[in-house]
There are 2 protein chains.
Amino acid sequence: MAIKILLYDDNEALRQSMETLLSEEPDLEFMAGIPNAETVETDVRQLEPDVILMDIDMPGVNGVEAVRRIRKFAGELPIIMLTVFDDNENIFRAICAGASGYILKRYASLEVPAAVRNVLSGGAPMTGTVARKVLLMIPPAHNPDQEKTDLSEKEISILQLLVQGFSYKMIAAQLKISHDTVRFYIKKIYDKLHVHSATEAVSKAIKDGLV
Amino acid sequence: MAIKILLYDDNEALRQSMETLLSEEPDLEFMAGIPNAETVETDVRQLEPDVILMDIDMPGVNGVEAVRRIRKFAGELPIIMLTVFDDNENIFRAICAGASGYILKRYASLEVPAAVRNVLSGGAPMTGTVARKVLLMIPPAHNPDQEKTDLSEKEISILQLLVQGFSYKMIAAQLKISHDTVRFYIKKIYDKLHVHSATEAVSKAIKDGLV
DNA sequence: CCGGATACTACATGATAATGTAGCGGATAT
DNA sequence: ATATCCGCTACATTATCATGTAGTATCCGG
C-alpha cells in the first residue's frame, strides 16, 4: 500500500509540481494539496495521511503553528517542513513545535521522495545545511560548564527545592529535618558552588544542569 | 583530486573493511586507519585529511575527546562519528565536542561514502535514528512555555541582574536608580511571573528563556 | 577505647528581602 | 486644565536569609 502524503502550501505552482513529482513514485501517493492550514485538525483527521509536508509561510495559520496543532492530537505523525527558509529562527521554531524533518524547497525534487521514506523508517530527513545548523543549536548553553561540582544526594534534593522557590522553612518541613539543618546544607552548597546567595545558586544549578 | 579520509578505530577488521569500501569509490581516498587517538593532533597536522571518521570506544583517548582536541586547532575540519553507540548520551557528547556527523556502524557500508561527500558540501550526515534523537534534544527546555509574559525593558534588565546573583543594592548601583525603585520593579516582576521570591523568579526566568 | 570524620541541631546577629502604603513630577487624554 | 496613569522614590514592618560558632550523636578505623 502506497504511502499517503498530504501537502500544505499556499503556492499553487508548487502544489502542482509536488503532485507531479510524487505521482512518478509508485510507492508514494499524493492525497491533496491544501493552500492554508486553517482547518488542519479536521483535514488530518479525515484524510489520515501517513506523512505531511508543511510549508511555513502561509496566510492565516503558519506552518509552525499548524505543526503545533497537529502534535496535540497526533504526537507521532511524521511532519516534514518544506520551506524556503533556512534561518535558525524558523528551523528552531519548527523543531520545537514538533517537526520530524526539514527540507528546503530548492532541493525538494531531489530530496522529498527519499525524505518521505526516511521519515517513515524512523529518520529525521533534513537538507544538509539545515542539519548542520541543527547540530550547532545543541551545545550553545551546555558547552562551557565544567560538570564536576559534586554535591551529595541530600544537597541536591535541597537545591532542587530551592530552585522551586521553597523557603528554608518549607524545605525543612518537606524533608522532615530541622530548619537549621537546611541552613547547614545550604551553606555547604554555597561553598561548593562558589556563590553567596540563593539566586546565584539557583542560576548556577539550572545553567549547569545540576537539577 | 580525491577526498582524503582518515579513520580512527581500534578494530582491525573494521579498518580493513572501510579501506576496501572506500577504495571502491574513485573520488574517495583512504589515507590511513589509526587504532588509537593518542597522537591525534600530530596525525591530523601531518596527514592533513579532508574528512575524519572517528570511532568512540577506543582505548586511551576516546573518540569524543579526540574530537575536542582536533577542534582546538581545526575548527572546520569535518569529523564524522562512526560508532555502534546510538544512545542519547554519546550522541550528545559527540555533538557538543564538535562532531559534524554521526553514522552508526551497522549502516556504514551504505552510508559512509555519501556521508563523506555530504559533509564536505556543508551537510551534517546522520543515520536516520540518530537524527531523530538529535531533534528531540532541541526542545525539552523551550517547549512548554507560553512566551507571553511581557516584561518591560527595565524589568528584564533587573531580572537579568537578579539572575546573576546581584542584591537589590547592587542592582540599584548598577542601574543608577534608587534602592526602592528596584524593590518597586521586582514587585511588579513577581506579580507578572506569579511568584513570591527571588529564587522562584530566577528559576522561571531561566526556564522560560526570559533572559 | 579513642580521635576524628559525618550528619544533624541549636542559637545569635546583622543584612537583605517581601509587602504595603504613599508622595511626586511628567506625560496623556478628555 | 484637570484627572489619570506611569515611572520613580520613600518609609515602615515583618519575615527570611547569610554567616559564624558551637554542641550532640553516630559510625569508623587504629
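Note on naming: letters A, B, ... go to the chains in the order of the sequence lines (proteins, then strands), and numbering restarts at 1 for each one.
- Taking atom NZ of Lys188(B) as the reference point, atom C1' of dC5(D) lies 11 Å away to the nearest angstrom.
- With a 4.5 Å cut-off on side-chain heavy atoms, Leu22(A) and Val112(A) count as touching.
- For the pair Ser152(B) and Val195(A), both in contact range of DNA chain D, the more 5′-proximal nearest nucleotide belongs to Ser152(B).
- In this entry the distance linking OH of Tyr168(A) with C1' of dA15(D) reads 13 Å, nearest Å.
- Summarising the geometry, the separation between NZ on Lys187(A) and P on dA18(D) is reported as 11 Å, rounded to the nearest angstrom.
- For Leu193(B) and dA18(C), the CG to P distance is 13 Å, given to the nearest whole Å.
- Between His196(A) and the phosphate of dT19(D), there is a side-chain N or O to OP1/OP2 separation shorter than 4.0 Å.
- No salt bridge links Arg15(B) with Glu19(B); every basic N to acidic carboxylate O contact stays at or beyond 4.0 Å.
- In this structure, CZ of Arg183(A) is placed 12 Å from P of dT19(D), rounded to the nearest angstrom.
- When the side-chain nitrogen and oxygen atoms of Tyr190(A) are compared with OP1 and OP2 of dA18(D), one or more of them lie within a distance under 4.0 Å.
- Computed from coordinates, the Phe184(A) CZ to dA5(C) P distance equals 14 Å when rounded to whole Å.
- Atom CG of Leu162(A) and atom C1' of dA17(C) are 14 Å apart (whole Å).
- The two residues Gly165(A) and Ser197(B) make their nearest non-hydrogen contact at O-OG, 3.9 Å.
- By the 4.5 Å heavy-atom criterion applied to side chains, Ile5(B) and Pro49(B) are not counted as neighbours.
- The distance from atom NZ of Lys169(B) to atom C1' of dA18(D) is 13 Å, rounded to the nearest whole Å.
- When distances are taken from the side chain of Ser167(A) to each of dA18(C), dA10(C), dT16(D), the shortest belongs to dT16(D).
- Phosphate proximity of dA10(D) to Ser178(B): present, with a side-chain N or O under 4.0 Å from OP1 or OP2.
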